[in-house]
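Numbering starts at 1 and runs along the sequence shown. Only a predicted model underlies this, so the values are computations on that prediction, with no experimental measurement involved.
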Amino acid sequence: MATIRRKKPESFAILSSPGPWPQVLINWLATLAVIIVFGLIMLFSASYTTGYLRMGDSFYYIKSQMLCLGLGLAVMLLFSRIDHRFLRRMVWPGYVVCIVMLIAVLFSAPLNGCRRWLRIGFTIQVSEIAKFEMILLTAHLAAKAPHLEKLDPASGRRVPAGQWLYQRIVRELIVPLLPLIPVVILLMLEPHMSGIVLTTAICGTILLLGGSGGIITWAGGASAVLLLRTVLEHIDSIPYLQSRLDGWTHDLSKMTDQTLQSLYAIGSGGVTGLGLGNSIEKQLWLPESTNDFIFSVVCEELGFVGAVIVILLFVLFLVQGLWLAFRAENRYCTLVGIGIMAQIAWQVFCNIAVVTNTLPNTGISLPFFSSGGTSLILLLAEMGVMINIGRGGERARLERENLRAQREQREKEKSDNTIRLDPNMGY
């Protein structure tokens, strides 16, 4: 009777040096540093009036952000040295902890009608942890699914359609998305619709850019976009969402005050802005000027030029990050990198779309600009994972080049040791 031998799990150290620093990773970190510094300057400019009038301290928001930045940098350094295999091994325990926290937050005291913050000596927005966890778990399940082509490489015959569809739909799409369902349900109970949109978009992007499901995923994504209008037209059964949609209009008399003040700020900035620190809307006219609507202050003080610079910085950051992700040492690291960059991309897009009234008010912060300790610390933790992915990919590349050089050297030595007969010699 045949014995099935299971492959022993590869041993690894939890903390280790992932590898050398590629130039693209250094450039990516430089872009990140510029974005962080730019964000701190704009946060202080947008918050000192609010801090003084509401908290009695002009430096209230910037001091809190600097403290969280220090903690976040320490966490980033830690995550940059954690082996990705350990993160992958911990995805299911982390998922259980995440679900427990999402349930616990439902019993917390509501704030503005929503239960999103867990208070345990300090305040945690659990949805931020859920986004990070779903990136790791979705990447793990998508990377674990075996790849199946239409043609069997061994026999050259076409794989049965039922088997191919089962692989593409069930193994590559349904299985990776199943853990998302409890998260979405719990976020809906808070309610936290922007968290649902972001988390779903991130997981979808991982599957889409990772090639899971093939053409079926692209068709599903296109169908979801086409059905979005129909869904919005029948959302009146949820008052929380309907109130947001009622204010999403071009009629100034019906527009929400938050969006109206945001457009006033953007229009007042013109091409070059009113100058750093000279915003009028931040003088308690614009709600959430330190958080969701900080980009409006950027536009008012720095104008169209400043807004374009911010957007270009994020575009450069995303391109460099995706370059690192697609050159990672394995598929899991690639999918994690895609997920992290997708989170940044979707948050930037949705935030700018909201402040310009392109999308209804969803309450999505601008990464590294908006105030918020949990968000900043977790974003920097994800940046640490990206550093690990970049250095690990460079190490794997050098190892491949070394093996190729050794193989070529052996072939050359074998060729040199071959005895060649002179055709002119007579026997």
Could you tell me the separation between the CD1 atom of I364 and the CE atom of M193, rounded to the nearest 0.5 Å?
13.0 Å

Any carboxylate oxygen within less than 4.0 angstrom of a Lys/Arg side-chain nitrogen, looking at K282 and E300?
no

How far does CD1 of I124 sit from CD1 of I129, to the nearest 0.5 angstrom?
5.0 Å

Neighbour count above 12 (heavy atom, 6.0 Å) for I280 CD1:
no

Taking C-beta and beyond as the side chain, do L25 and W28 meet within less than 4.5 Å on heavy atoms?
yes

Should the heavy atoms of other residues, nucleotides or ligands under 6.0 Å from CE of M55 be counted, would the total exceed 12?
yes

Salt-bridged, R404 to E401, with N to O below 4.0 Å?
no

Please name the pair of heavy atoms, one in L324 and one in G390, separated by the smallest distance, quoted to 0.1 Å.
CD2-CA, 4.1 Å

Donor-acceptor contact below 3.5 Å, side chain S80 vs main chain G384
no

Check this for me, if you would: do R397 and E394 make a salt bridge, where the nitrogen-to-carboxylate-oxygen distance has to be below 4.0 angstrom?
yes

Compute the ring centroids of Y48 and F44, then answer whether they are less than 6.0 Å apart.
yes

Would the distance check show the side chain of E301 and the main-chain N or O of G277 forming a donor-acceptor pair, the cut-off being under 3.5 Å?
yes

Where the side chain of N351 meets the backbone of D292, is there a donor-acceptor pair that is under 3.5 Å apart?
yes

Quick one: does V348's side chain get under 4.5 Å of P367's, heavy atoms only?
yes

Just by distance, do the side chain of T356 and the backbone of A353 share a donor-acceptor pair under 3.5 Å?
yes

Compare all side-chain heavy atoms of E382 with those of I135 and state whether any distance is below 4.5 angstrom.
yes

If you measure from CG on L286 to CD1 on I294, what distance do you get to the nearest 0.5 Å?
10.5 Å

Any sub-3.5 Å donor-acceptor pair from S45's side-chain atoms to M42's backbone N or O?
no

Without hydrogens or angle criteria, can the side chains of E281 and S296 be said to hold a donor-acceptor pair below 3.5 Å?
no

Side chain to side chain contact (heavy atoms under 4.5 Å, CB included) between Y95 and V183: does it pass, once the steps are laid out?
CA-CA 10 Å; Y95 180 72; V183 173; 4.0 Å; yes

Counting N and O atoms only, with roles assigned by atom type, does the side chain of N388 sit under 3.5 Å from a partner on the main chain of I82, one being a donor and the other an acceptor?
yes

Ignoring hydrogens and geometry, is there a side-chain-to-backbone donor-acceptor pair from S262 to Q258 under 3.5 Å?
no

Heavy-atom distance under 4.5 Å between the side chains of I35 and F314, does that happen here?
yes

So F295 and I266, do their side chains get closer than 4.5 Å, heavy atoms only?
no

Shortest non-hydrogen contact from S268 to L274?
O-CD2, 3.6 Å

May I have the step-by-step check of side chain to side chain contact (heavy atoms under 4.5 Å, CB included) for L87 and V336, ending in yes or no?
CA-CA 11 Å; L87 289 178; V336 170; over 6 Å; no

What distance do S47 atom OG and I62 atom CD1 have between them, rounded to the nearest 0.5 Å?
6.0 Å

Interatomic distance, CD@Q320 vs CG@L318, rounded to 0.5 Å, equals 9.5 Å

Between S365 and N291 the two heavy atoms that sit nearest each other are CB-OD1, 3.6 Å

Work out which heavy atom in H192 is nearest to a heavy atom in S194; give both atom names and the distance.
CE1-OG, 2.9 Å

For atom OH of Y60, is the number of surrounding heavy atoms from other residues, nucleotides or ligands below 6.0 Å larger than 12?
no

Would a line drawn from the ring center of F369 to the ring center of F38 be shorter than 6.0 Å?
yes

E288 side chain to F293 main-chain N or O, any donor-acceptor pair under 3.5 Å?
no

Residue pair L178 / P182: nearest heavy atoms and the distance that separates them:
O-CD, 3.4 Å

Any chance you could lay out the side chain to side chain contact (heavy atoms under 4.5 Å, CB included) test for F326 and I338, step after step, and finish with the verdict?
CA-CA 8 Å; F326 281 105; I338 290 173; 3.7 Å; yes

Taking C-beta and beyond as the side chain, do N27 and W323 meet within less than 4.5 Å on heavy atoms?
no

Roughly how far apart are E133 CD and C98 SG, rounded to 0.5 Å?
6.0 Å

How about F59: does its CZ atom have over 12 heavy atoms from other parts shown lying under 6.0 Å from it?
no

Any non-hydrogen side-chain atom of C333 less than 4.5 Å from a side-chain atom of N330?
yes

Quick one: sort the W92 and H140 rings into parallel, tilted or perpendicular, breaks at 30° and 60°.
perpendicular

Could you report the tightest heavy-atom contact between G210 and L335, atom names first, then the distance?
CA-CD2, 3.5 Å

Quick one: do I387 and W21 satisfy side chain to side chain contact (heavy atoms under 4.5 Å, CB included)? Show the steps, please.
CA-CA 9 Å; I387 293 173; W21 294 78; 3.8 Å; yes

Going by heavy atoms in the side chains, are L366 and Q347 under 4.5 Å from each other?
no

